[in-house]
Q: 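Sharing a structure with you now.
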Number of protein chains: 2
Amino acid sequence: MRLVIARCSVDYVGRLTAHLPEATRLLIHKADGSLLVHSDGGSYKPLNWMSPPATFEVAELSEEQQLAGVVECWEVKHRKSGDTLRVNIFEFVSDSHHELGVDPGLTKDGVEAHLQELLAAQIERLGDGHTLVRREHMTAIGPVDILARDAEGAAVAVEIKRRGEIDGVEQLTRYLELMNRDPLLAPVQGVFAAQEIKPQARTLAEDRGIRCLVLDYDDMRGEESGELRLF
Amino acid sequence: MRLVIARCSVDYVGRLTAHLPEATRLLIHKADGSLLVHSDGGSYKPLNWMSPPATFEVAELSEEQQLAGVVECWEVKHRKSGDTLRVNIFEFVSDSHHELGVDPGLTKDGVEAHLQELLAAQIERLGDGHTLVRREHMTAIGPVDILARDAEGAAVAVEIKRRGEIDGVEQLTRYLELMNRDPLLAPVQGVFAAQEIKPQARTLAEDRGIRCLVLDYDDMRGEESGELRLF
DNA sequence: AAGTAGATGTCGCAC
DNA sequence: GTGCGACGTCTACTT
(Lines give C-alpha, C1' and ligand atoms only; values in the text may rest on other atoms or scores of the structure.)
Protein backbone atom coordinates (compact mmCIF):
# COMPACT_ATOMS: atom_id res chain seq x y z
CA MET A 1 0.00 0.00 0.00
CA ARG A 2 1.35 3.37 -1.07
CA LEU A 3 0.26 6.45 0.83
CA VAL A 4 0.76 9.83 -0.80
CA ILE A 5 -0.17 13.24 0.51
CA ALA A 6 -0.16 15.56 -2.48
CA ARG A 7 -1.50 18.75 -3.93
CA CYS A 8 -3.45 17.44 -6.89
CA SER A 9 -6.43 17.71 -9.21
CA VAL A 10 -8.42 14.65 -10.27
CA ASP A 11 -10.60 13.80 -13.25
CA TYR A 12 -12.86 10.79 -13.56
CA VAL A 13 -14.35 9.63 -16.85
CA GLY A 14 -16.61 6.59 -16.73
CA ARG A 15 -20.28 6.17 -15.91
CA LEU A 16 -20.17 9.87 -15.30
CA THR A 17 -17.56 12.56 -15.60
CA ALA A 18 -16.35 14.31 -12.46
CA HIS A 19 -13.65 16.77 -11.54
CA LEU A 20 -11.79 17.70 -8.36
CA PRO A 21 -9.98 21.04 -8.43
CA GLU A 22 -6.45 21.44 -7.07
CA ALA A 23 -6.13 20.83 -3.32
CA THR A 24 -4.07 18.80 -0.88
CA ARG A 25 -5.44 15.28 -0.44
CA LEU A 26 -4.59 11.75 0.63
CA LEU A 27 -4.03 9.27 -2.19
CA ILE A 28 -4.17 5.57 -1.28
CA HIS A 29 -2.87 3.16 -3.88
CA LYS A 30 -3.70 -0.41 -2.89
CA ALA A 31 -2.01 -3.64 -3.88
CA ASP A 32 -4.91 -4.63 -6.16
CA GLY A 33 -4.41 -1.48 -8.27
CA SER A 34 -7.30 0.46 -6.76
CA LEU A 35 -6.88 4.11 -5.86
CA LEU A 36 -8.73 6.18 -3.27
CA VAL A 37 -8.72 9.97 -3.08
CA HIS A 38 -9.63 11.18 0.42
CA SER A 39 -10.10 14.60 1.93
CA ASP A 40 -9.90 15.36 5.64
CA GLY A 41 -13.64 15.03 6.17
CA GLY A 42 -16.79 13.42 4.92
CA SER A 43 -17.58 9.84 5.72
CA TYR A 44 -15.85 6.71 4.54
CA LYS A 45 -16.59 7.37 0.92
CA PRO A 46 -13.63 8.84 -0.93
CA LEU A 47 -14.01 12.02 -2.96
CA ASN A 48 -13.13 9.94 -5.95
CA TRP A 49 -11.74 6.47 -6.55
CA MET A 50 -11.03 3.60 -8.93
CA SER A 51 -12.12 0.14 -7.88
CA PRO A 52 -10.11 -3.01 -8.61
CA PRO A 53 -9.05 -4.55 -10.85
CA ALA A 54 -7.22 -1.53 -12.25
CA THR A 55 -3.99 -0.67 -14.01
CA PHE A 56 -1.75 2.11 -12.72
CA GLU A 57 0.46 4.11 -15.06
CA VAL A 58 2.59 7.24 -14.75
CA ALA A 59 1.65 9.13 -17.91
CA GLU A 60 3.83 11.35 -20.10
CA LEU A 61 3.34 15.01 -19.28
CA SER A 62 2.00 17.18 -22.08
CA GLU A 63 3.49 20.62 -22.58
CA GLU A 64 0.26 22.08 -21.26
CA GLN A 65 0.48 20.04 -18.05
CA GLN A 66 4.13 21.06 -17.52
CA LEU A 67 3.23 24.72 -17.96
CA ALA A 68 0.40 24.29 -15.45
CA GLY A 69 2.94 23.05 -12.91
CA VAL A 70 2.10 19.33 -12.97
CA VAL A 71 5.07 17.29 -11.73
CA GLU A 72 3.53 13.85 -12.26
CA CYS A 73 0.37 12.46 -13.85
CA TRP A 74 -1.22 9.15 -12.85
CA GLU A 75 -3.61 7.30 -15.07
CA VAL A 76 -5.60 4.61 -13.30
CA LYS A 77 -7.81 2.58 -15.62
CA HIS A 78 -10.37 -0.08 -14.80
CA ARG A 79 -9.38 -3.33 -16.52
CA LYS A 80 -12.90 -4.20 -17.65
CA SER A 81 -14.98 -1.07 -18.10
CA GLY A 82 -12.15 1.23 -19.19
CA ASP A 83 -13.27 3.88 -16.67
CA THR A 84 -10.34 6.21 -16.07
CA LEU A 85 -9.09 8.27 -13.18
CA ARG A 86 -6.43 10.86 -13.99
CA VAL A 87 -4.52 12.46 -11.13
CA ASN A 88 -2.44 15.57 -11.83
CA ILE A 89 0.08 16.01 -9.04
CA PHE A 90 1.45 19.50 -8.42
CA GLU A 91 3.42 18.74 -5.26
CA PHE A 92 4.33 15.66 -3.25
CA VAL A 93 3.99 16.42 0.48
CA SER A 94 4.60 12.87 1.64
CA ASP A 95 5.10 9.50 -0.03
CA SER A 96 5.42 6.17 1.79
CA HIS A 97 4.98 2.47 1.19
CA HIS A 98 3.89 -0.25 3.62
CA GLU A 99 3.44 -4.02 3.39
CA LEU A 100 0.18 -4.98 5.06
CA GLY A 101 -0.41 -8.54 3.93
CA VAL A 102 -3.78 -10.19 3.45
CA ASP A 103 -6.43 -9.19 5.97
CA PRO A 104 -8.27 -11.91 7.92
CA GLY A 105 -11.48 -9.98 7.33
CA LEU A 106 -14.51 -8.85 9.27
CA THR A 107 -16.87 -11.09 11.19
CA LYS A 108 -20.31 -9.66 11.85
CA ASP A 109 -23.36 -10.58 13.81
CA GLY A 110 -26.44 -9.72 11.79
CA VAL A 111 -29.67 -8.32 13.12
CA GLU A 112 -32.38 -9.21 10.59
CA ALA A 113 -31.55 -12.92 10.64
CA HIS A 114 -31.55 -12.81 14.41
CA LEU A 115 -34.91 -11.03 14.47
CA GLN A 116 -36.40 -13.77 12.29
CA GLU A 117 -34.99 -16.44 14.59
CA LEU A 118 -36.33 -14.68 17.67
CA LEU A 119 -39.80 -14.08 16.23
CA ALA A 120 -40.03 -17.72 15.11
CA ALA A 121 -39.21 -18.77 18.68
CA GLN A 122 -41.62 -16.21 20.17
CA ILE A 123 -44.37 -16.57 17.58
CA GLU A 124 -47.04 -15.59 20.11
CA ARG A 125 -45.81 -12.01 19.61
CA LEU A 126 -48.00 -12.13 16.47
CA GLY A 127 -51.02 -12.60 18.75
CA ASP A 128 -52.47 -15.14 21.17
CA GLY A 129 -52.79 -18.65 19.81
CA HIS A 130 -50.52 -18.14 16.80
CA THR A 131 -48.43 -21.11 15.69
CA LEU A 132 -45.37 -21.26 13.45
CA VAL A 133 -45.70 -23.13 10.16
CA ARG A 134 -42.18 -22.48 8.89
CA ARG A 135 -39.46 -19.89 8.32
CA GLU A 136 -38.44 -18.97 4.76
CA HIS A 137 -41.63 -20.30 3.21
CA MET A 138 -40.99 -20.51 -0.55
CA THR A 139 -43.24 -18.86 -3.10
CA ALA A 140 -42.70 -18.56 -6.86
CA ILE A 141 -41.08 -15.14 -6.44
CA GLY A 142 -39.04 -15.80 -3.30
CA PRO A 143 -39.20 -16.85 0.33
CA VAL A 144 -41.61 -15.27 2.83
CA ASP A 145 -39.76 -14.74 6.11
CA ILE A 146 -42.31 -16.45 8.32
CA LEU A 147 -45.51 -18.35 7.61
CA ALA A 148 -47.77 -18.87 10.63
CA ARG A 149 -51.39 -19.62 11.49
CA ASP A 150 -53.58 -17.60 13.83
CA ALA A 151 -55.79 -18.98 16.62
CA GLU A 152 -58.50 -19.78 14.03
CA GLY A 153 -56.01 -21.56 11.78
CA ALA A 154 -55.90 -18.84 9.09
CA ALA A 155 -52.58 -18.27 7.30
CA VAL A 156 -50.38 -15.34 8.32
CA ALA A 157 -47.40 -14.20 6.19
CA VAL A 158 -44.75 -12.12 7.97
CA GLU A 159 -42.10 -9.92 6.35
CA ILE A 160 -39.31 -8.94 8.75
CA LYS A 161 -37.05 -5.93 8.36
CA ARG A 162 -34.67 -4.11 10.65
CA ARG A 163 -36.20 -0.87 9.45
CA GLY A 164 -39.60 -1.05 7.82
CA GLU A 165 -39.83 1.11 4.72
CA ILE A 166 -42.05 1.25 1.66
CA ASP A 167 -39.97 -1.27 -0.29
CA GLY A 168 -40.66 -3.92 2.32
CA VAL A 169 -44.41 -3.31 2.13
CA GLU A 170 -44.26 -3.67 -1.67
CA GLN A 171 -42.35 -6.92 -1.28
CA LEU A 172 -44.88 -8.33 1.18
CA THR A 173 -47.73 -7.15 -1.06
CA ARG A 174 -46.30 -9.15 -3.98
CA TYR A 175 -46.06 -12.24 -1.78
CA LEU A 176 -49.60 -11.82 -0.49
CA GLU A 177 -50.97 -11.34 -4.00
CA LEU A 178 -49.43 -14.65 -4.99
CA MET A 179 -50.26 -16.58 -1.83
CA ASN A 180 -53.88 -15.49 -1.91
CA ARG A 181 -54.24 -17.27 -5.26
CA ASP A 182 -53.40 -20.56 -3.50
CA PRO A 183 -56.68 -22.11 -2.27
CA LEU A 184 -54.80 -24.05 0.41
CA LEU A 185 -53.55 -20.81 1.97
CA ALA A 186 -56.11 -18.10 1.16
CA PRO A 187 -57.09 -15.92 2.81
CA VAL A 188 -53.59 -14.90 3.94
CA GLN A 189 -53.19 -12.09 6.46
CA GLY A 190 -50.04 -9.96 6.07
CA VAL A 191 -47.89 -8.78 8.96
CA PHE A 192 -45.09 -6.26 8.45
CA ALA A 193 -42.67 -6.65 11.39
CA ALA A 194 -39.66 -4.42 12.04
CA GLN A 195 -37.65 -2.85 14.82
CA GLU A 196 -38.84 0.49 13.50
CA ILE A 197 -41.59 1.26 10.98
CA LYS A 198 -41.47 4.51 9.02
CA PRO A 199 -44.80 6.43 9.02
CA GLN A 200 -45.13 6.25 5.22
CA ALA A 201 -44.56 2.52 5.25
CA ARG A 202 -47.13 2.09 8.02
CA THR A 203 -49.70 4.15 6.14
CA LEU A 204 -49.18 2.17 2.94
CA ALA A 205 -49.28 -1.14 4.80
CA GLU A 206 -52.44 -0.37 6.75
CA ASP A 207 -54.11 1.01 3.63
CA ARG A 208 -53.55 -2.42 2.12
CA GLY A 209 -54.85 -4.27 5.17
CA ILE A 210 -51.39 -5.31 6.31
CA ARG A 211 -50.87 -5.34 10.06
CA CYS A 212 -47.75 -3.57 11.42
CA LEU A 213 -45.78 -5.03 14.30
CA VAL A 214 -42.91 -3.20 15.97
CA LEU A 215 -40.34 -5.63 17.37
CA ASP A 216 -38.38 -4.73 20.50
CA TYR A 217 -35.01 -6.35 19.83
CA ASP A 218 -33.64 -5.98 23.35
CA ASP A 219 -36.89 -7.27 24.84
CA MET A 220 -36.85 -10.29 22.53
CA ARG A 221 -33.25 -11.05 23.36
CA GLY A 222 -34.13 -10.76 27.04
CA GLU A 223 -36.97 -13.26 26.64
CA GLU A 224 -34.63 -15.58 24.74
CA SER A 225 -32.01 -15.56 27.48
CA GLY A 226 -34.82 -15.92 30.03
CA GLU A 227 -35.99 -19.05 28.24
CA LEU A 228 -32.45 -20.32 28.13
CA ARG A 229 -32.12 -19.92 31.87
CA LEU A 230 -35.17 -22.17 32.37
CA PHE A 231 -33.43 -25.14 30.76
CA MET B 1 -5.52 14.06 9.29
CA ARG B 2 -3.60 11.45 11.20
CA LEU B 3 -2.35 8.38 9.35
CA VAL B 4 -1.34 5.35 11.37
CA ILE B 5 -0.12 2.00 10.14
CA ALA B 6 -0.54 -0.40 13.02
CA ARG B 7 -0.99 -4.00 14.01
CA CYS B 8 -4.43 -3.88 15.61
CA SER B 9 -7.74 -5.55 16.32
CA VAL B 10 -11.03 -3.67 16.04
CA ASP B 11 -14.46 -4.07 17.59
CA TYR B 12 -17.61 -2.27 16.53
CA VAL B 13 -20.74 -2.14 18.65
CA GLY B 14 -23.68 -0.24 17.21
CA ARG B 15 -26.40 -1.24 14.80
CA LEU B 16 -24.60 -4.54 14.72
CA THR B 17 -21.55 -5.98 16.41
CA ALA B 18 -18.47 -6.78 14.34
CA HIS B 19 -14.90 -7.82 14.99
CA LEU B 20 -11.60 -7.59 13.12
CA PRO B 21 -8.85 -9.93 14.36
CA GLU B 22 -5.28 -8.75 14.81
CA ALA B 23 -3.55 -7.69 11.57
CA THR B 24 -1.60 -4.77 10.15
CA ARG B 25 -3.89 -2.06 8.77
CA LEU B 26 -4.15 1.59 7.85
CA LEU B 27 -6.01 3.80 10.34
CA ILE B 28 -7.19 7.19 9.10
CA HIS B 29 -8.32 9.63 11.74
CA LYS B 30 -9.96 12.65 10.11
CA ALA B 31 -10.37 16.16 11.44
CA ASP B 32 -14.11 15.66 12.03
CA GLY B 33 -13.40 12.80 14.44
CA SER B 34 -14.24 10.02 11.99
CA LEU B 35 -12.02 6.96 11.76
CA LEU B 36 -11.47 4.59 8.83
CA VAL B 37 -9.83 1.17 9.06
CA HIS B 38 -8.48 0.08 5.68
CA SER B 39 -6.77 -3.08 4.48
CA ASP B 40 -4.61 -3.30 1.38
CA GLY B 41 -7.44 -4.45 -0.85
CA GLY B 42 -11.17 -4.47 -1.27
CA SER B 43 -12.95 -1.49 -2.69
CA TYR B 44 -13.32 1.96 -1.29
CA LYS B 45 -15.34 0.77 1.68
CA PRO B 46 -13.20 0.43 4.80
CA LEU B 47 -13.15 -2.82 6.77
CA ASN B 48 -14.64 -0.85 9.60
CA TRP B 49 -15.26 2.80 10.38
CA MET B 50 -16.95 5.43 12.49
CA SER B 51 -18.71 8.25 10.72
CA PRO B 52 -18.70 11.84 11.95
CA PRO B 53 -19.49 13.46 14.24
CA ALA B 54 -17.47 11.34 16.63
CA THR B 55 -15.34 11.69 19.74
CA PHE B 56 -11.88 10.18 19.93
CA GLU B 57 -10.38 9.02 23.20
CA VAL B 58 -7.31 7.05 24.23
CA ALA B 59 -8.73 4.63 26.79
CA GLU B 60 -7.13 3.26 29.95
CA LEU B 61 -5.67 -0.20 29.39
CA SER B 62 -7.15 -2.98 31.46
CA GLU B 63 -4.83 -5.57 32.94
CA GLU B 64 -6.20 -8.07 30.45
CA GLN B 65 -5.36 -5.80 27.52
CA GLN B 66 -1.84 -5.21 28.81
CA LEU B 67 -1.28 -8.94 29.18
CA ALA B 68 -2.53 -9.45 25.62
CA GLY B 69 0.15 -7.04 24.41
CA VAL B 70 -2.03 -4.00 23.69
CA VAL B 71 0.07 -0.82 23.75
CA GLU B 72 -2.76 1.65 23.16
CA CYS B 73 -6.55 1.50 22.97
CA TRP B 74 -8.68 3.97 21.03
CA GLU B 75 -12.35 4.48 21.70
CA VAL B 76 -14.20 6.30 18.96
CA LYS B 77 -17.82 7.03 19.77
CA HIS B 78 -20.54 8.51 17.62
CA ARG B 79 -21.84 11.69 19.23
CA LYS B 80 -25.50 10.95 18.55
CA SER B 81 -26.09 7.22 18.33
CA GLY B 82 -23.43 6.16 20.82
CA ASP B 83 -22.13 3.54 18.36
CA THR B 84 -18.59 2.67 19.41
CA LEU B 85 -15.45 1.57 17.65
CA ARG B 86 -12.67 0.20 19.84
CA VAL B 87 -9.19 -0.21 18.35
CA ASN B 88 -6.63 -2.29 20.24
CA ILE B 89 -3.18 -1.39 18.96
CA PHE B 90 -0.40 -3.96 19.40
CA GLU B 91 2.30 -2.15 17.44
CA PHE B 92 2.72 1.22 15.75
CA VAL B 93 4.45 0.77 12.40
CA SER B 94 4.04 4.37 11.28
CA ASP B 95 2.34 7.46 12.64
CA SER B 96 2.07 10.80 10.83
CA HIS B 97 -0.04 13.93 10.77
CA HIS B 98 -0.89 16.23 7.85
CA GLU B 99 -2.88 19.45 7.48
CA LEU B 100 -5.07 19.18 4.41
CA GLY B 101 -7.47 22.08 4.78
CA VAL B 102 -11.03 22.17 3.49
CA ASP B 103 -11.60 20.46 0.16
CA PRO B 104 -13.23 22.43 -2.68
CA GLY B 105 -15.33 19.34 -3.45
CA LEU B 106 -16.42 17.31 -6.42
CA THR B 107 -18.32 18.54 -9.45
CA LYS B 108 -20.20 15.89 -11.41
CA ASP B 109 -22.26 15.52 -14.51
CA GLY B 110 -25.17 13.16 -13.87
CA VAL B 111 -26.81 10.81 -16.33
CA GLU B 112 -30.44 10.40 -15.22
CA ALA B 113 -31.07 14.15 -15.16
CA HIS B 114 -29.51 14.39 -18.61
CA LEU B 115 -31.68 11.55 -19.91
CA GLN B 116 -34.79 13.37 -18.72
CA GLU B 117 -33.61 16.57 -20.39
CA LEU B 118 -32.89 14.74 -23.65
CA LEU B 119 -36.18 12.84 -23.70
CA ALA B 120 -38.11 16.04 -23.01
CA ALA B 121 -36.36 17.64 -25.99
CA GLN B 122 -36.88 14.55 -28.16
CA ILE B 123 -40.38 13.71 -26.96
CA GLU B 124 -41.27 12.08 -30.30
CA ARG B 125 -39.19 9.13 -29.11
CA LEU B 126 -42.34 8.19 -27.16
CA GLY B 127 -44.13 7.80 -30.50
CA ASP B 128 -45.28 9.91 -33.45
CA GLY B 129 -47.34 12.95 -32.58
CA HIS B 130 -46.45 12.97 -28.86
CA THR B 131 -46.18 16.36 -27.18
CA LEU B 132 -44.55 17.36 -23.89
CA VAL B 133 -46.82 18.70 -21.15
CA ARG B 134 -44.12 19.17 -18.51
CA ARG B 135 -41.14 17.65 -16.72
CA GLU B 136 -41.38 16.81 -13.01
CA HIS B 137 -45.19 16.82 -12.98
CA MET B 138 -46.22 16.92 -9.31
CA THR B 139 -48.59 14.37 -7.82
CA ALA B 140 -49.57 13.93 -4.17
CA ILE B 141 -46.86 11.31 -3.70
CA GLY B 142 -44.07 12.92 -5.72
CA PRO B 143 -43.10 14.16 -9.17
CA VAL B 144 -43.57 12.09 -12.32
CA ASP B 145 -40.48 12.52 -14.51
CA ILE B 146 -42.35 13.44 -17.68
CA LEU B 147 -46.01 14.06 -18.45
CA ALA B 148 -46.88 14.04 -22.16
CA ARG B 149 -49.86 13.56 -24.47
CA ASP B 150 -50.05 11.14 -27.39
CA ALA B 151 -51.27 11.92 -30.91
CA GLU B 152 -54.89 11.51 -29.70
CA GLY B 153 -54.31 13.79 -26.73
CA ALA B 154 -54.35 11.05 -24.09
CA ALA B 155 -52.06 11.50 -21.06
CA VAL B 156 -48.76 9.62 -20.91
CA ALA B 157 -46.71 9.38 -17.69
CA VAL B 158 -43.03 8.53 -18.09
CA GLU B 159 -40.68 7.24 -15.41
CA ILE B 160 -37.01 7.50 -16.39
CA LYS B 161 -34.18 5.43 -14.90
CA ARG B 162 -30.62 4.79 -15.90
CA ARG B 163 -31.23 1.12 -15.17
CA GLY B 164 -34.81 -0.08 -15.14
CA GLU B 165 -35.51 -2.46 -12.26
CA ILE B 166 -38.59 -3.61 -10.38
CA ASP B 167 -38.51 -0.69 -7.94
CA GLY B 168 -38.97 1.75 -10.78
CA VAL B 169 -42.00 -0.13 -12.08
CA GLU B 170 -43.54 -0.07 -8.59
CA GLN B 171 -42.90 3.66 -8.37
CA LEU B 172 -44.54 4.31 -11.74
CA THR B 173 -47.43 2.02 -10.79
CA ARG B 174 -48.12 4.13 -7.69
CA TYR B 175 -48.10 7.31 -9.79
CA LEU B 176 -50.43 5.80 -12.38
CA GLU B 177 -52.86 4.56 -9.72
CA LEU B 178 -53.11 8.09 -8.38
CA MET B 179 -53.20 9.90 -11.72
CA ASN B 180 -55.91 7.61 -13.04
CA ARG B 181 -58.19 8.84 -10.24
CA ASP B 182 -57.94 12.36 -11.71
CA PRO B 183 -60.76 12.78 -14.25
CA LEU B 184 -58.78 15.49 -16.03
CA LEU B 185 -55.94 13.04 -16.75
CA ALA B 186 -57.47 9.55 -16.90
CA PRO B 187 -56.87 7.33 -18.69
CA VAL B 188 -53.08 7.69 -18.21
CA GLN B 189 -50.75 5.44 -20.17
CA GLY B 190 -47.49 4.49 -18.40
CA VAL B 191 -44.09 4.39 -20.07
CA PHE B 192 -41.04 2.96 -18.31
CA ALA B 193 -37.95 4.42 -20.00
CA ALA B 194 -34.36 3.46 -19.22
CA GLN B 195 -30.97 2.95 -20.80
CA GLU B 196 -31.32 -0.71 -19.87
CA ILE B 197 -34.39 -2.61 -18.68
CA LYS B 198 -33.98 -5.80 -16.66
CA PRO B 199 -36.09 -8.73 -17.91
CA GLN B 200 -38.01 -9.03 -14.62
CA ALA B 201 -38.80 -5.34 -14.62
CA ARG B 202 -39.99 -5.57 -18.23
CA THR B 203 -42.21 -8.54 -17.46
CA LEU B 204 -43.77 -6.82 -14.45
CA ALA B 205 -44.28 -3.58 -16.38
CA GLU B 206 -45.87 -5.22 -19.41
CA ASP B 207 -48.05 -7.36 -17.15
CA ARG B 208 -49.42 -4.11 -15.76
CA GLY B 209 -49.93 -2.56 -19.18
CA ILE B 210 -46.90 -0.29 -18.88
CA ARG B 211 -44.94 0.26 -22.08
CA CYS B 212 -41.15 -0.19 -21.93
CA LEU B 213 -38.83 2.12 -23.85
CA VAL B 214 -35.08 1.56 -24.06
CA LEU B 215 -33.21 4.85 -24.43
CA ASP B 216 -29.98 4.99 -26.39
CA TYR B 217 -27.99 7.62 -24.52
CA ASP B 218 -25.27 8.08 -27.13
CA ASP B 219 -27.85 8.27 -29.90
CA MET B 220 -29.84 10.89 -27.99
CA ARG B 221 -26.75 12.94 -27.31
CA GLY B 222 -25.89 12.68 -31.00
CA GLU B 223 -29.31 14.00 -31.96
CA GLU B 224 -28.93 16.80 -29.44
CA SER B 225 -25.60 17.95 -30.85
CA GLY B 226 -27.08 17.50 -34.36
CA GLU B 227 -29.89 19.85 -33.41
CA LEU B 228 -27.40 22.27 -31.99
CA ARG B 229 -25.51 22.32 -35.25
CA LEU B 230 -28.67 23.39 -37.08
CA PHE B 231 -28.91 26.59 -35.07
C1' DA C 1 -23.44 -14.70 -15.59
C1' DA C 2 -27.52 -12.53 -14.04
C1' DG C 3 -30.94 -11.27 -10.76
C1' DT C 4 -32.24 -9.95 -6.06
C1' DA C 5 -32.31 -8.06 -1.60
C1' DG C 6 -29.49 -5.94 2.15
C1' DA C 7 -26.38 -2.21 3.84
C1' DT C 8 -23.34 0.29 10.25
C1' DG C 9 -25.13 1.83 3.19
C1' DT C 10 -23.91 7.33 2.01
C1' DC C 11 -25.42 11.55 -0.23
C1' DG C 12 -28.24 15.24 -1.49
C1' DC C 13 -32.60 17.60 -1.83
C1' DA C 14 -37.25 19.00 -0.56
C1' DC C 15 -40.46 19.80 2.94
C1' DG D 1 -34.73 17.76 11.49
C1' DT D 2 -37.45 13.72 8.49
C1' DG D 3 -38.63 11.56 4.22
C1' DC D 4 -37.27 9.86 -0.10
C1' DG D 5 -34.85 8.68 -4.16
C1' DA D 6 -30.25 8.22 -6.49
C1' DC D 7 -25.81 6.24 -6.32
C1' DG D 8 -19.72 5.55 -10.60
C1' DT D 9 -24.08 2.63 -5.24
C1' DC D 10 -21.29 -1.97 -3.27
C1' DT D 11 -21.83 -6.63 -1.68
C1' DA D 12 -23.22 -11.16 -0.73
C1' DC D 13 -26.07 -14.76 -2.17
C1' DT D 14 -29.03 -17.43 -5.17
C1' DT D 15 -30.34 -19.24 -9.56
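Every chain is numbered from 1 and lettered A, B, ... according to where its sequence line falls, protein lines coming before strand lines.
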Q: Ion pair present between B/E206 and B/R211, side-chain N to carboxylate O less than 4.0 angstrom?
A: no
Q: Between C/dT10, D/dC10, D/dA6, which nucleotide has the shortest distance from any of its atoms to the side chain of B/S43?
A: D/dC10
Q: Identify which nucleotide among C/dT4, D/dA6, C/dT10 has an atom closest to any side-chain atom of A/Y44, counting heavy atoms from C-beta outward.
A: C/dT10
Q: Is there a side-chain contact between B/Q171 and the phosphate of D/dC4, meaning an N or O under 4.0 Å from OP1 or OP2?
A: no
Q: Can you tell me the distance, in whole Å, between the CG atom of B/L106 and the C1' atom of D/dT9?
A: 14 Å
Q: Specify the separation, in whole Å, of atom CG of B/L47 and atom C1' of D/dT11.
A: 14 Å
Q: Does A/S51 reach a base, just sugar-phosphate, or nothing at all? Heavy atoms under 4.0 Å.
A: base
Q: Under 3.5 Å, is there a donor on one side chain and an acceptor on the other for A/Q116 and A/E136?
A: yes
Q: Does a salt bridge link B/E165 with B/R202, judged by any charged N lying under 4.0 Å from a carboxylate O?
A: no
Q: Of the nucleotides C/dG3, C/dG6, D/dA6, which one has an atom closest to the side chain of A/E159?
A: C/dG6
Q: Nearest nucleotide by nearest heavy atom, which residue falls closer to the 5' end of DNA chain D, B/R174 or A/M50?
A: B/R174
Q: B/E165 has an atom CD; how far is it from atom P of D/dG5, in whole Å?
A: 15 Å
Q: Taking 4.0 Å as the cut-off, does a side-chain nitrogen or oxygen of A/K45 come that near to OP1 or OP2 on D/dT9?
A: no
Q: Ignoring the backbone of B/P199, work out which of D/dC10, C/dG3, C/dA5 is nearest its side chain.
A: C/dG3
Q: Could you tell me whether A/R86 and A/E57 make a salt bridge, using a distance below 4.0 angstrom between a side-chain N and a carboxylate O?
A: no
Q: Rounded to the Å, how far apart are B/R79 CZ and D/dG1 C1'?
A: 19 Å
Q: Determine the contact category for B/Y12: base if any of its heavy atoms lies under 4.0 Å from a base atom, sugar-phosphate if only primed atoms, P, OP1 or OP2 are that close, otherwise nothing.
A: base
Q: Measure CG/B/L36 against P/C/dT10 and give the value in whole Å, please.
A: 12 Å
Q: B/Q200 side chain: which of D/dA6, C/dG3, C/dT10 is closest?
A: C/dG3
Q: Return the nearest nucleotide to the side chain of B/W49; candidates are C/dA5, D/dT9, C/dT10.
A: C/dT10
Q: Could you state the atom-to-atom distance from CG of A/L172 to C1' of C/dT4 in whole Å?
A: 17 Å
Q: Could you tell me how far apart A/L204 (CG) and D/dG5 (P) are, to the nearest whole angstrom?
A: 11 Å
Q: Provide, to the nearest angstrom, the distance between the CD atom belonging to A/E136 and the P atom belonging to C/dG6.
A: 10 Å
Q: Give the ring-plane orientation class for B/H29 versus B/W74, where under 30° counts as parallel, over 60° as perpendicular and anything between as tilted.
A: tilted
Q: Could you pick out which residue, A/H78 or B/G42, lies toward the 5' side of DNA chain D when each is mapped onto its nearest nucleotide?
A: A/H78
